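This report refers to the structure that appears directly beneath it.
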Amino acid sequence: MALNALPLRLLARCLVVFALCGPASADPLPTTNVPARNEPIDPRIARVIAGLRPDTETAGKPPVRWSLAERMAHYNVPGVSIAVIDGGKIVWAKGFGVREAGGAEPVNEQTLFQAASISKPVAALGMMKLVAAGTLNLDADVNSYLKSWTLPASEFTERKKVTLRQLLSHSAGLTVHGFAGYPLGSRLPTIPEILDGVPPAISAEVRSERVPGQGFKYSGGGTTVAQLVVSDVTGKDPAEFLSETVLVPLGMTFSTYEQPLPAKNAANAAVGHRGAPAKALEGKWRVYPMVFAAGMWTTPTDLCKMQLAVARAASGDTKGPLDPKIVKQMLTVTAAPVGIGFFLQGNGDTLRFSHGGANDGYLSQFEAYAQRGKGFAIMINSDAGGA
């Protein structure tokens, strides 16, 4: 793999290796975009700012090192936000660059980014609370819950029906990998219109294309069916439901699933960018009514709060906002490499849960150990900066 094609997931791990090495500074962490002169910088942050390395090195050759600013310039990424977990707590969080190319407003720890598909595991946490309450059954036919739309029967569902467990583990055999967003101010389709692929929806219809439960096949369409299940069963707006069940209990202070993004939140939101040189999206960002699949706005710090809550529940903590029994199900492989909501790697002490996200103009990644108290979240406002 070429050095300049290092995937976001691998570079993210490089960042964490540098961030977690060595003792932490006793000095307070800087909260501004650019440290003031003589302001102390935590040495772990300094290693990220000035010491990024490629994923491979050749013995006998001088080591390659980059500053974060050099990599941002190389990939035309206007803004980056990072948060890191160590010792079971968030040890630092910092923004770099600007919210919009050519602008002066800095990215800080509170700057909102579109989380894209990272919306899925967070939404799954909310759905699993309905499972814990007995409102939903993971293995029931989803059509038994749907009132405003029905998943059409097909040759693939004659013997086996689509279940919520399959929808949340991408094993339901449904179409539509992912969704494009809608221009700000345009007429938004309803969820049934999206699922049927009829105007003003701009995506294909969501239908069965293979027998449910026959292995992993990523489907944002399936997640959107799950969103409709929640709306039909609870009668609540999806954004309101997830705020009540996940965002507020987990302390994800700056996060929202509201689409379009309310004006009160837009004041410190990063603008999405395409290409190289980075060009801001017309209207600044796209709107995603399929909020469970792609609609969350958040920060790396809030994502780390979610990871910590999951990890604590995975360790058996019954005093937190998440039920350990439910989290154990979510962190058990259902359709490799996915559990319920999360991608999984390792087992036992090495078990890690993760997810990435890619919306028009934004990319993101998080990963955490279930037991080791370490993790990270990275978000950028460019779709050209995967490396």
Side-chain angles (χ1 to χ4, degrees), residues 99-100 112-120 122-123 126-127 142-143 145-152 167 174-207 218-244 247 255-275 279-298 357-364 381-383:
R99 300 204 300 258
E100 182 173 0
L112 290 173
F113 291 76
Q114 287 193 354
S117 287
I118 288 178
S119 306
K120 294 179 175 70
V122 180
M127 297 193 71
V142 293
N143 276 336
Y145 296 118
L146 291 166
K147 303 172 184 176
S148 57
W149 179 84
T150 298
L151 179 64
L167 293 177
L174 300 188
T175 58
V176 184
H177 179 93
F179 295 100
Y182 294 81
L184 198 64
S186 63
R187 185 167 82 86
L188 300 177
T190 64
I191 296 304
E193 286 173 336
I194 291 171
L195 295 174
D196 282 334
V198 299
I202 57 176
S203 52
E205 63 185 12
V206 176
R207 297 291 187 267
Y218 194 90
S219 174
T223 304
T224 306
V225 173
Q227 175 179 329
L228 194 59
V229 167
V230 170
S231 296
D232 284 353
V233 168
T234 66
K236 292 185 176 181
D237 173 80
E240 177 187 0
F241 168 79
L242 290 173
S243 177
E244 293 176 354
L247 304 183
S255 303
T256 182
Y257 275 85
E258 294 176 273
Q259 291 281 340
L261 183 67
K264 61 183 174 64
N265 301 99
N268 191 25
V271 174
H273 295 80
R274 288 179 182 160
K279 182 178 180 181
L281 296 178
E282 184 178 354
K284 297 187 177 182
W285 45 72
R286 297 288 179 260
V287 181
Y288 292 82
M290 60 302 289
V291 298
F292 277 31
M296 182 170 65
W297 287 86
T298 190
N359 271 5
D360 196 358
Y362 302 88
L363 292 170
S364 53
N381 58 347
S382 166
D383 58 13

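The model shown is predicted, which means the values in this text are computed figures rather than measured ones.
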Nearest 0.5 angstrom please: F113 CZ to S382 OG, how far?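 Reported to 0.5 Å precision, the distance equals 10.5 Å.
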
How many angstroms lie between atom CG of L281 and atom CD of E100, to the nearest 0.5 angstrom?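 L281 atom CG to E100 atom CD measures 10.0 Å (nearest 0.5 Å).
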
State, to 0.1 Å, how close [X] and [Y] come at their nearest heavy-atom pair, and which atoms those are.
| X | Y | result |
| --- | --- | --- |
| G275 | D383 | N-OD1, 3.5 Å |
| P183 | S186 | O-OG, 2.7 Å |
| V230 | M127 | CG2-CE, 3.5 Å |
| L228 | S148 | CD1-OG, 3.4 Å |
| A116 | A358 | CB-N, 3.1 Å |
| P189 | A201 | CB-N, 3.7 Å |

Using a 3.5 Å distance criterion without hydrogens, assess whether the side chain of [X] forms a donor-acceptor pair with backbone atoms of [Y].
| X | Y | result |
| --- | --- | --- |
| Y362 | G272 | yes |
| T298 | S255 | no |
| Q227 | F292 | yes |
| R99 | N381 | no |

pair [X]-[Y]: side-chain heavy atoms closer than 4.5 Å:
| X | Y | result |
| --- | --- | --- |
| Y257 | L247 | yes |
| P289 | I194 | yes |
| R207 | P152 | yes |
| L195 | T224 | yes |
| D232 | W149 | no |
| L184 | K284 | no |
| W297 | N265 | no |
| L167 | T223 | no |

Evaluation steps, side-chain contact (heavy atoms from CB on, under 4.5 Å), between R286 and N359: CA-CA 8 Å; R286 297 288 179 260; N359 271 5; over 6 Å; no

Pair E258, E240 - check side-chain contact (heavy atoms from CB on, under 4.5 Å), show working. CA-CA 8 Å; E258 294 176 273; E240 177 187 0; over 6 Å; no

Can you tell me how the ring of Y218 sits relative to the ring of H177, calling it parallel under 30°, perpendicular over 60° and tilted otherwise?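 Answer is tilted, since the angle falls between 30° and 60°.
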
Quick one: do Y288 and D360 satisfy side-chain contact (heavy atoms from CB on, under 4.5 Å)? Show the steps, please. CA-CA 10 Å; Y288 292 82; D360 196 358; 3.6 Å; yes

Verify side-chain contact (heavy atoms from CB on, under 4.5 Å) between E205 and T175, making sure each step is shown before the conclusion. CA-CA 8 Å; E205 63 185 12; T175 58; 5.6 Å; no

